[in-house]
> 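Please find one structure pasted underneath; my questions will follow.
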Amino acid sequence: MAPDPLIYLDVDGPLIPFGLEPSRYPLFGPPPRDDENPLLGRLDPSHGPRLKALPGELVWATTWMHDANDALAPRLSLPRLPVVDWPGPSGTDETDARIGLHWKTRPLLEHAQNRPFAWVDDEISEIDRAWVSGHHAGPALLHRVDPRHGLTGADYRELGEWLREIHRS
């Protein structure tokens with residue numbers, strides 16, 4: 001049996017929305033402690049069950065790195081998740097920036113090792129989609145989320161449909 005597809009999760013934008021007037025965002029408890037990121041109050045705990053219901057293996061793909069397990073997972077009632085450890089600077093960084101390839105794209109493909117994956121982020125571009133299409137042997141969904149609103153019901157439906165289709169094939 002093939003392994004479950006990976007679901008790479010960014011935090012800022014998809015799970016913690018930003019970009020609108022701060023008063024437009026609902027706040028969820030408990031309030032962040034003084035030593036925590038003040039935007040944690042925007043983290044809607046209903047994302048946890050919705051993420052767990054997706055048919056795939058959740059993986060943090062965020063600059064929060066391992067802090068996502070400490071700061072976010074408990075608020076979302078998620079277990080500790082695997083984390084993509086981003087590599088240091090490389091010889092391709094300048095070229096990638098010049099062509100508009102997101103800095104996460106190459107490391108995610110290396111991490112996926114040709115497994116099917118969905119990448120949920122607010123900074124995905126058509127350049128990333130084209131690059132993944134040409135360099136990844138397995139199915140991939142690069143799902144861009146509007147950072148002003150974060151993950152919505154429509155996003156969860158699209159992700160769920162794609163992931164269920166992968167399981168059927």
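This chain uses plain numbering: 1 for the first residue, then up along the sequence.
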> Out of Leu54, Leu151, Leu58, Leu141, which one pairs with Val120 under the side-chain contact (heavy atoms from CB on, under 4.5 Å) rule?
Leu151

> Which value, rounded to the nearest 0.5 Å, describes the distance between Asn37 atom CG and Arg42 atom CZ?
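Asn37 atom CG to Arg42 atom CZ measures 9.5 Å (nearest 0.5 Å).
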
> Say you draw a straight line from CZ of Arg144 to CG of Asp10; how long is it, rounded to the nearest 0.5 Å?
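The CZ atom of Arg144 sits 11.0 Å away from the CG atom of Asp10.
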
> Would you call Arg164-Glu161 a salt bridge at under 4.0 Å N-O?
no

> Between Arg129 and Glu126, does any side-chain N to carboxylate O distance fall below 4.0 Å?
yes

> Charged N to carboxylate O below 4.0 Å: is that the case for Asp128 and Lys104?
no

> Can you find a pair of side-chain heavy atoms, one from Pro82 and one from Trp60, that are under 4.5 Å apart?
no

> Determine whether Val59 and Ile7 make a side-chain contact, defined as any pair of heavy atoms from C-beta on separated by less than 4.5 Å.
no

> Kindly work out whether a path of hydrophobic side-chain contacts (I/L/V/M/F/W/Y, heavy atoms less than 4.5 Å apart) joins Leu159 to Leu9.
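Yes, because Leu159 and Leu9 connect within a single hydrophobic cluster, where side-chain heavy atoms sit under 4.5 Å apart.
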
> Show your working on salt bridge (charged side-chain N to carboxylate O under 4.0 Å, His left out) between Glu165 and Arg168 and close with a plain yes or no.
CA-CA 5 Å; Glu165 182 60 35; Arg168 284 191 289 272; 3.0 Å; yes

> When rounded to the nearest 0.5 angstrom, what is the spacing between CG in Asp146 and CG in Asp155?
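Taking CG in Asp146 and CG in Asp155, the distance rounds to 8.5 Å.
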
> Around atom CG of Asp34, are there more than 12 heavy atoms of other residues, nucleotides or ligands at under 6.0 Å?
no

> Please say yes or no: joined through hydrophobic side-chain contacts below 4.5 Å, possibly via intermediate residues, are Leu15 and Leu27 part of one cluster?
no

> Quick check: closest heavy atoms across Arg80 and Asn69, and the distance to 0.1 Å?
CA-OD1, 3.2 Å

> Following the transitive rule for hydrophobic clusters with a side-chain heavy-atom cut-off under 4.5 Å over Ile, Leu, Val, Met, Phe, Trp and Tyr, establish whether Leu72 and Phe28 coincide in one cluster.
no

> Side chains of Phe18 and Pro147: does their closest heavy-atom pair fall under 4.5 Å?
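Touching, per the 4.5 Å side-chain cut-off.
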
> Can you see which heavy atom on Gly150 is nearest to which on Pro17, and at what distance?
N-CB, 3.9 Å

> Closest approach of Pro49 and Ser46, non-hydrogen atoms and distance?
CD-O, 3.4 Å

> List the atom of Pro14, the atom of Asp121, and the distance in Å for their closest heavy-atom pair.
CG-CA, 3.9 Å

> Once rounded to the nearest 0.5 Å, what's the spacing between atom CG of Asp44 and atom CZ of Arg75?
12.0 Å

> Would the Trp119 and His102 ring centres measure less than 6.0 Å apart?
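Centroid separation for Trp119 and His102: below 6.0 Å.
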
> With a 4.5 Å limit on heavy-atom distance, are the side chains of Leu78 and Leu51 in contact?
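In short, these two side chains touch, coming nearer than 4.5 Å.
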
> Check whether Leu20 and Val145 end up in the same hydrophobic cluster, where Ile, Leu, Val, Met, Phe, Trp and Tyr are linked by side-chain heavy atoms less than 4.5 Å apart.
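No, Leu20 does not connect to Val145 through the hydrophobic network.
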
> Quick one: pull up CH2 in Trp162 and NE2 in His143 and give me the separation to the nearest 0.5 Å.
12.0 Å

> Begin with the C-alpha distance, continue with both residues' side-chain angles, and end with the deciding distance and a verdict on side chain to side chain donor-acceptor pair (under 3.5 Å) for Asp12 and Trp64.
CA-CA 9 Å; Asp12 296 312; Trp64 286 67; 3.0 Å; yes

> Is the shortest side-chain heavy-atom distance between Leu142 and Phe117 below 4.5 Å?
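Answer yes - side chains close enough.
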
> Could you pull out the closest heavy-atom pair between Pro5 and His167, with the gap in Å?
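Taking every non-hydrogen atom into account, CD-NE2, 3.6 Å.
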
> Tell me, do Leu81 and Glu57 make a side-chain contact under 4.5 Å, heavy atoms counted?
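SC-SC contact between Leu81 and Glu57 ruled out.
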
> Would His111 and Tyr8 count as a close aromatic pair, with their ring centres under 6.0 Å?
yes

> Give a yes or no on whether the backbone of Val132 and the side-chain of His136 come within a donor-acceptor separation of less than 3.5 Å.
no

> Under the side chain to side chain contact (heavy atoms under 4.5 Å, CB included) criterion, do Tyr25 and His149 qualify, and how do the steps go?
CA-CA 9 Å; Tyr25 293 108; His149 306 289; over 6 Å; no

> Do the non-hydrogen side-chain atoms of Leu108 and Val84 ever get within less than 4.5 Å of each other?
yes

> Less than 4.0 angstrom from a charged side-chain N to a carboxylate O is my criterion; do Asp96 and Arg106 meet it?
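Counted as a salt bridge, because a side-chain N and a carboxylate O are separated by less than 4.0 Å.
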
> Would you call Asp4 and Arg115 a salt bridge, taking side-chain N to carboxylate O under 4.0 Å as the test?
no

> Linking I/L/V/M/F/W/Y whenever any side-chain heavy atoms sit under 4.5 Å apart, do Ile124 and Tyr156 land together?
yes

> What pair of heavy atoms forms the shortest contact from Ser125 to Gly100, and how long is it?
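Looking at all heavy atoms of both residues, the shortest contact is OG-O, 4.0 Å.
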
> Looking at CD of Glu123 and CH2 of Trp103, how far apart are the two atoms once the value is rounded to the nearest 0.5 Å?
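Result: 8.5 Å between the selected atoms.
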
